[in-house]
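Scope of the values below: all heavy atoms of this structure, side chains included, with no hydrogens, waters or symmetry mates. Each chain gets a letter, A, B and so on, in the order the sequences are listed, and its residues count up from 1.
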Amino acid sequence: MVTLTTDYTLVYFTNKLKLMEVNNQMKTNELAELLFPHITKSPAEYESLFPKRDLPEGAKVTRLGPSPTGFIHLGNLYGAFADERLAHQSGGTFFLRIEDTDDKREVEGAVDAIIESLAYFGVNFDEGAMAEGQLGSYGPYYQSERGQLYQCFAKELIKKGQAYPCFLKEEEISKIRQKQEAEKQNPGIYGTWAAHRNLTFEEIAERIKAGEEFVIRFKSHGDPSKHFQIEDAIRGTLSMPENEMDVVLLKKTGIPTYHFAHVIDDHFMRTTHVIRGEEWLSSLPIHVALFQALNWDMPIYCHTTVLMKMDGEIKRKLSKRKDPELSLDYYRGLGYHPAAVREYLLTILNSNFEEWRIENPLSSIEDFNFTTEKMGSSGTLFDLDKLNDVSKDVLVKIPAPELAQFLIGWAKSHNLELWKRLLGEVPSEESKRLAYLEKILDLGRNGNKPRKDLIFAQQIFAFISYFYDDSFDPTASDNYPENVPAEDVSKLLSGYLASYDHKDDQSAWFDKIRLLSIDNGYAAKPKDFKKNPDLYKGHVGDVSTVIRIALMGNTQSPDLWEIQQILGEERTKSRIAKAIK
RNA sequence: GACCCGUUGGUCAAGUGGUCAAGACGCCACCCUCUCACGGUGGACUCAGGGGUUCGACUCCCCUACGGGUUACCA
């Protein structure tokens, strides 16, 4: 009997609760219509409009979502390579979405600049924003054009009682923050601080009638004292507190915040892997809560490390304002080959890439199995020395004609004067000049121990400048060796000139230098000199250095004989003659 | 402040309870050599600190320190 009574009581209360829910349901429906009368499409319609992608098993869908400030930096490129590799090596799709939800920051022409810059470094998209318009059936790919979609789901969340309009003014919010600071509470709009969380329908209707502006906030039910686990493909299992913030979903302009746009877009664009910077880690609980509220599957998150640099003693994040080397234009300006930058970035992107490269020196990057597990999660220091080293190895594999084209292209856009001198002055001589440049670039690069002294365009042109009469300045030459007196310089050069025969092969040529050395009191072999330093003034190396300086103003250079062959008999002789006092 | 993430040589890092703690860049020395570059050989330089757990800890747990990030109607 007693049990029966309790049962009845329970049923009564349950029914009453259900009734209240129904009432609330009606109210939230009304509210949704009040707030978004113009939204008529249903969530289901969007689901069928953007169906799951028809891709092979295991194919990954990735995206790059830059904001159009026009500044695309090394960090973007770092992430973009990861996106690109992951998508393309799995037979998936990589798309470009422009995240232009911050109207204040937009820069004219920035999108084209982004696309051009990424393309230069070899990052190409399958769909999304393109130079010639938008491509793909999951668009539009500009967030600014997706307003209806975001509002539809804001409306949906309102209906479900998981979002609400908030009329708090800027001053009111800052007052709340001050109070929170005074009370040592966490700042933000949450819990009881969320003053408009439980406004009645009537109150809301009244404010709207009065023309008050509002934002749509997420009605959070999270408890930050509770933690949940989430897998990050780079970092492994993460433990995060539940989100309790009533974050803004839609700004007063109706434009979504990053959080909301990310969830909606990556769901409807069917992104499988979200690769983004570590700075997003703290907002992950928000995103998780939103995916749950909308009852959608989450993508796999991959939070990359930030790029750092050494600033004196301190290791710090690369900054846009202070560090020119963060900008991609920096590398283009100096003339780094895009393949070198790509190769370098891959070595810091995947820790086993370098090892693979040593074993597969000729393989294409496409053949490397890129994995998120091998990506680092601690701050990576950008290392210019390493880039230069990588660049040497990359450039040595590029055939001279191809390298020449790259250099000429660089000169044309970054140093027009240089370009004119190299190629442009007399159009009829263009092919001759090009052949000359190719010969210079190929110097010592063949054989099994190729020279590796070419790093980036600016450095290369300085390095080979002595091959060009107008950039060869004998007055700026290095000093002759200290152990060679001035009168010997003249004697040696005169002797060299007298015996010079352009048709000599390399060994005949060098035999003459040995003879010349002996005739003037220098050892024919460095070893002879080392054994008996008292017998000689120096050795054949010093004699060669004298010739080298006369010929190219430099103590350091590739093989002398080969240089003379490129310079030609006339110029070789005249440079030597001019150097004789 | 709170919350997250991280910490192996100067730098990038491999490493998941037993290793003489890989490899690469840079540095130094030597060799090759007409200079330089290349190449070769060798070297110096490492597990942030302290407690546990364990026969045994770079590896697991706790604390501290340090670095980074977030804490917006920016992304």
> Taking the six-membered ring of F472(A), is NZ or CZ of R575(A) closer than 6.0 Å to its centre and within 45° of its axis?
Replying inline: yes
Mind checking the [atom1] distance from [N] to [M]? Whole angstroms is fine.
N: U19(B); M: G26(B); atom1: C1'; value: 26 Å
N: U16(B); M: U8(B); atom1: C1'; value: 14 Å
N: A44(B); M: C25(B); atom1: C1'; value: 16 Å
N: C73(B); M: C63(B); atom1: C1'; value: 41 Å
N: C20(B); M: C58(B); atom1: P; value: 13 Å
N: G10(B); M: C47(B); atom1: P; value: 9 Å
N: A57(B); M: A48(B); atom1: P; value: 15 Å
N: U53(B); M: U71(B); atom1: C1'; value: 36 Å

Give the rounded distance in Å between these two atoms: [atom1] of [X] and [atom2] of [N].
X: E181(A); N: G1(B); atom1: CD; atom2: P; answer: 14 Å
X: W280(A); N: C74(B); atom1: CH2; atom2: P; answer: 11 Å
X: N352(A); N: A24(B); atom1: CG; atom2: P; answer: 15 Å
X: F228(A); N: C3(B); atom1: CZ; atom2: P; answer: 16 Å
X: H227(A); N: C5(B); atom1: NE2; atom2: C1'; answer: 12 Å
X: L346(A); N: C12(B); atom1: CG; atom2: C1'; answer: 14 Å
X: I189(A); N: U71(B); atom1: CD1; atom2: C1'; answer: 13 Å
X: N520(A); N: C34(B); atom1: CG; atom2: P; answer: 19 Å

As a test of reading the structure: which of [options] is closest to the side chain of [X], going by heavy atoms?
X: V215(A); options: C73(B), C12(B), A75(B); answer: C73(B)
X: F510(A); options: C34(B), U71(B), G68(B); answer: C34(B)
X: R235(A); options: A75(B), C5(B), A72(B); answer: C5(B)
X: K386(A); options: A22(B), A24(B), G15(B); answer: A24(B)
X: I358(A); options: C73(B), C4(B), G23(B); answer: G23(B)
X: D385(A); options: G1(B), G26(B), C73(B); answer: G26(B)
X: E279(A); options: C12(B), C5(B), A75(B); answer: A75(B)

> Do you know which two heavy atoms are closest between L441(A) and A400(A), and how far apart they sit?
Replying inline: CD1-O, 4.0 Å
>> Requiring both pairing distances under 3.5 angstrom, list the stems that contain RNA chain B and are made of three or more consecutive Watson-Crick or G-U pairs.
In response: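 Stem list for RNA chain B: B:1-7 with B:65-71, B:10-12 with B:23-25, B:27-31 with B:39-43, B:48-52 with B:60-64.
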> Which pairs count as ring-ring contact (aromatic ring centres under 6.0 Å, His included) when at least one residue sits in residues 217-244 of chain A, sequence neighbours excluded?
Replying inline: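 Every candidate ring-ring contact (aromatic ring centres under 6.0 Å, His included) pair involving residues 217-244 of chain A fails, so no pair, neighbours aside, qualifies.
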>> Does anything in residues 444-466 of chain A form a ring-ring contact (aromatic ring centres under 6.0 Å, His included)? List the pairs, not counting sequence neighbours.
In response: Y336(A)-F456(A), W410(A)-F461(A)
Contact class for [X] vs. all strands (heavy atom < 4.0 Å): base, sugar-phosphate, or nothing?
X: L238(A); value: sugar-phosphate
X: L168(A); value: base
X: S517(A); value: nothing
X: R177(A); value: sugar-phosphate

> Got a sec, which residues hit side-chain contact (heavy atoms from CB on, under 4.5 Å) with P485(A), two or more places apart in sequence or on another chain?
Replying inline: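 side-chain contact (heavy atoms from CB on, under 4.5 Å) check on P485(A) returns E487(A), D488(A), Y522(A).
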>> Applying side-chain contact (heavy atoms from CB on, under 4.5 Å), can you list everything that pairs with E373(A), at least two apart in sequence or on another chain?
In response: T371(A)
>> My understanding is that only residues two or more places apart in sequence, or in another chain, count here; which of them pass side-chain hydrogen bond (donor to acceptor under 3.5 Å, both in side chains) with D442(A)?
In response: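 For D442(A) the side-chain hydrogen bond (donor to acceptor under 3.5 Å, both in side chains) partners, ignoring immediate neighbours, are N446(A).
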> Hey, is the side chain of K530(A) poking within less than 4.0 Å of OP1 or OP2 on C31(B), counting only N and O atoms?
Replying inline: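 Checking K530(A) against C31(B): no side-chain N or O falls below 4.0 Å of OP1 or OP2.
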> Between C32(B) and K525(A), is there an OP1 or OP2 to side-chain N/O distance shorter than 4.0 Å?
Replying inline: no
>> Less than 4.0 angstrom from a charged side-chain N to a carboxylate O is my criterion; do E181(A) and K179(A) meet it?
In response: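 Salt bridge: no.
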>> Looking at K374(A) and E355(A), is there a salt bridge between them, counting it only when a charged N and a carboxylate O are closer than 4.0 Å?
In response: no
> Counting only heavy atoms not in E183(A), do more than 12 sit closer than 6.0 Å to its CD atom?
Replying inline: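 More than 12 heavy atoms, drawn from other residues, nucleotides or ligands, come within 6.0 Å of this atom.
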>> Are more than 12 heavy atoms, taken from residues, nucleotides or ligands other than K531(A), located less than 6.0 Å from that residue's NZ atom?
In response: no
>> I need a per-nucleotide contact map over nucleotides 35-40 of chain B, read 5' to 3'. Cutoff is protein heavy atoms under 4.0 Å; write B for the base, S for backbone only, - otherwise.
In response: BBBBS-
> By ring pair (Phe, Tyr, Trp, His ring centres under 6.0 Å), which residues pair with W280(A), not counting sequence neighbours?
Replying inline: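 Ring pair (Phe, Tyr, Trp, His ring centres under 6.0 Å) list for W280(A), sorted by chain: Y258(A).
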>> The criterion is salt bridge (charged side-chain N to carboxylate O under 4.0 Å, His left out); which residues satisfy it with R197(A), sequence neighbours excluded?
In response: D246(A)
>> Going by the rule salt bridge (charged side-chain N to carboxylate O under 4.0 Å, His left out), which residues pair with K169(A) if we only count those two or more places apart in sequence or in a different chain?
In response: E212(A)
>> Assuming nearest nucleotide by heavy-atom distance, tell me which of E170(A) and K374(A) is located more 5' along RNA chain B.
In response: K374(A)
>> Need to verify one output field. Residue with the more 5' nearest nucleotide on RNA chain B, D542(A) or G376(A)?
In response: G376(A)
> Distance from S174(A) atom OG to Q180(A) atom CD, nearest 0.5 Å?
Replying inline: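 Atom-to-atom, S174(A):OG and Q180(A):CD are 11.0 Å apart.
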Under 3.5 Å, N/O pairs linking protein and nucleotides 43-47 of chain B:
none

For nucleotides 57-63 of chain B, tabulate all protein N/O to nucleotide N/O atom pairs closer than 3.5 Å, reporting atom names and distance.
none

>> Check the orientation of Y301(A) and F291(A). Use parallel for under 30°, tilted for 30 to 60°, and perpendicular for over 60°.
In response: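 Answer is perpendicular, since the angle exceeds 60°.
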> Between the side chain of Y190(A) and the main-chain N/O of N186(A), is any donor-acceptor distance below 3.5 Å?
Replying inline: yes
